[in-house]
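Following: one structure in structure tokens, then a few remarks.
Counting starts at 1 for both ligands and their atoms, in listed order.
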Amino acid sequence: MTVISQSPFTATVLGLPRVGPHRELKRATESYWAGRIDAAQLHETGRALRRDQYTALAAAGLDSIPVGTFSYYDQILDTAVLLGALPARVADIEDPLDRYFAAARGNESVEPLEMTKWFDTNYHYLVPELGPETTFTLHPGDLLAQVTEAIELGIPARPVVIGPITFLKLAKTTGGAALDRIGELIPLYQELLRLLAEAGAIWVQLDEPALVTDLTDAELAVVRRVYTELTESPSRPAVLVATYFGHPGPALDALAGTDIEGIAVDLVAGTDVAAVAAVPALAHKLLVAGVVDGRNVWRTDLDDALSTLATLLGSAESLAVSTSCSLLHVPYSLAVETRLDDALRSWLAFGAEKTAEVRVLATGLNSGTESVAAELGAARAAAASRRADPRISNAQVRARLAALGPEAVRRAPAEQRRALQQDRLRLPALPTTTIGSYPQTSAIRLARAALRAGEIDRAEYVRRMREEISEVITLQEQLDLDVLVHGEPERNDMVQYFAEQLDGFAATELGWVQSYGTRCVRPPILFGDVSRPAAMTVDWITYAQSLTDKPVKGMLTGPVTILAWSFVRDDQPLADSARQVALSIRDETVDLQNAGIRIVQVDEPALRELLPLRTADQQTYLDWSVDAFRLATAGVADSVQIHTHLCYSEFGEVIEAIAGLDADVTSIEAARSHMEVLDDLNASGFDAGVGPGVYDIHSPRVPGVEEITAALRAALKAVPAERLWVNPDCGLKTRGPAEVEASLRNMVAAARSVR
Ligand code: GLN
Ligand code: ZN
């Protein structure tokens, strides 16, 4: 086939955000759920958003535009629909949109699909469930309609579909390995390609990010088989396979050896450019070079990108410029940010600006750098201003970190600490506590909105939050919990709250990024060395402590989680940024201690999320992340009890790191995994306090006393009573006050009966 010499393209992006520049789709979808608009109105919002987006991308000069990355909830769920792989429990729901949303979020009678993180990003996808009863069938209607819609608008549409290997690798199966079912999917994809060609698509993009993880030889053979068989038919579009989030390694050779027409590689995630250039089979293909970072917010170093492109020139039949991955992971446009100072703004590029960079690079590549001299000059000036900005480097922070010796991350042996802490805290066996947050009621949210809108002043806001704190303390005393919390009413978000108070971070106004479904987050931007101008939590915690004789936990977010949920610097290793954040958290723990607080909890729910995708990179990460946690927590006296909270049940590769954190007490999600995690923890040599969540807070159901008692008895098989804590499995902020009170009452009763 010679499809590609007929129709190579030069400038594209791998995928698009969909919530809308002003979160229009979020609003419309939530209105649909609430019954305020109907399906036709929701579809109209989707259509208008797509049309505006395509038009803008075409005007920006992209000559191939991804179509089909739009979604009402999630692209993996869309693929499950495309392949007829929704679970049987939603099959009876007649209306397709209601069936789709039931699979995504459940309803009164149906459990939703499980949700998990999309590779090492903070986006969550829905996990397809495959079983012996799953019979794959093709449902291409929605995708074909989007392709037709784009072509009718005159858009150079390139349909995008999740590839069969990634789809199966992300699915969970009962009975056999998911990838064993590849033979059932190939004919469906062949048929889909035929239909897309018929609809007028010249290229199709199959997304295979799973190819940047470690693959066995058998899996690499599946890669060769799939893309050999998918390219056998002549009636199909040219096939572009997109890898991203890392280097494809041996999968690149496997792909290059097939008859696919194009391969996209992520050149900002550590892919070795020389290795890509050296793959001989690329000489007959289109190489889509992801030189513009699709998941961070920095302006591209255009000189650098051009030199990468120059290295690749000649190694492929043609070369297109692209983002490294979908733009799903960055905000829409810088243009709407009015509060960023000019210098900082000039260092950044969001979606629209990245699209423009792709165009500039493609023009520079094809028409010579003189043709884009002005743009190159502006990028150089911005880079120079960034390097020279005094906020980037803080000599004092650097000097303090350089002066820290190994003792800075070491506390006395755990045994010794345990005795000192018990002496001071005098807790009963099986102490009861919670993870930190209490329900974020509408009164709390209204107070925060009123403060932001200038309707109330800071003093009034503080008064209202103190009232919340005092209610939460009273409730916990009534319930007779042993270790209390202040309830975190003042925190909009456990990362943003700290980023707003630390130097080195900036906030956006409209920099929303989809986290899952209609939930969007506004990650802070870490742009300079981190320091803490003033204490961040001490007033709230000491106020709470003043209301009770029981110990109140100081509540902080750990350095790894703060980085995981922010846009991070690209001008120094993440490990260095982690040490800086850790130092500020350490100062906060010491201030809490000096204010008389006896227990400090440092949450690291994202420890697992940042784990590198390739095994070979994981130990280095675990070493520095554990080190950052210890730096953050080893500054207090041995009599101060350090707690941590980890927020997932499958610990796998990070299990050994948990012991390495050297916290006195670790609370973990275990309610859904039936305490199995405790045996794994024991096997890893962990012997400190542990609070395996005794009930699942992700559901509104109130657990009974017996059920919690049974969970505690199960836990006691693995953990001796003197190490076992009793707590729910995560924070309570998304729950209603009534359920929380009833659940905690039962939890305390269960702890008493087991004692
Ligand atoms: N302390 C936080 C809370 O209770 C922890 C949240 C989390 O684990 N994600 O809300
Ligand atoms: Zn949690």
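- In summary, the side chains of Lys553 and Gln601 do present a donor paired with an acceptor at a separation below 3.5 Å, with no hydrogens or angles considered.
- Although no hydrogens or angles enter the test, the distance criterion places no donor-acceptor pair under 3.5 Å between the side chain of Arg723 and the main chain of Gly689.
- Note that OH of Tyr543 and CE of Met465 are 12.5 Å apart. Values are rounded to the nearest 0.5 Å.
- Of the possible polar contacts, none joining the Arg608 side chain to the Leu646 backbone as a donor-acceptor pair under 3.5 Å is found.
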*Apply side-chain hydrogen bond (donor to acceptor under 3.5 Å, both in side chains) to Asp576 and Gln580, showing your working.*
CA-CA 7 Å; Asp576 293 359; Gln580 296 180 353; over 6 Å; no

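- Protein N/O/S atoms found under 2.8 Å from the Zn ion (ligand 2), listed by chain and residue number: His645 NE2, Cys647 SG, Cys730 SG.
- Looking at heavy atoms from C-beta onward, Trp624 lies out of side-chain contact with Gln619 at the 4.5 angstrom threshold.
- Contact residues for ligand 1 (protein heavy atom closer than 4.0 angstrom to any ligand atom): Ile435, Gly436, Ser437, Glu488, Met494, Asp603, Pro605, His645, Cys647, Cys730, Gly731, Lys733.
- In this structure, CD in Glu490 is found 11.5 Å from CZ in Arg466, a value given to the nearest 0.5 Å.
- With rounding to the nearest 0.5 angstrom, the OH atom of Tyr695 is 6.5 Å from the CE atom of Met747.
- Interatomic distance, CZ of Arg105 versus OH of Tyr73, reported as 6.5 Å (0.5 Å rounding).
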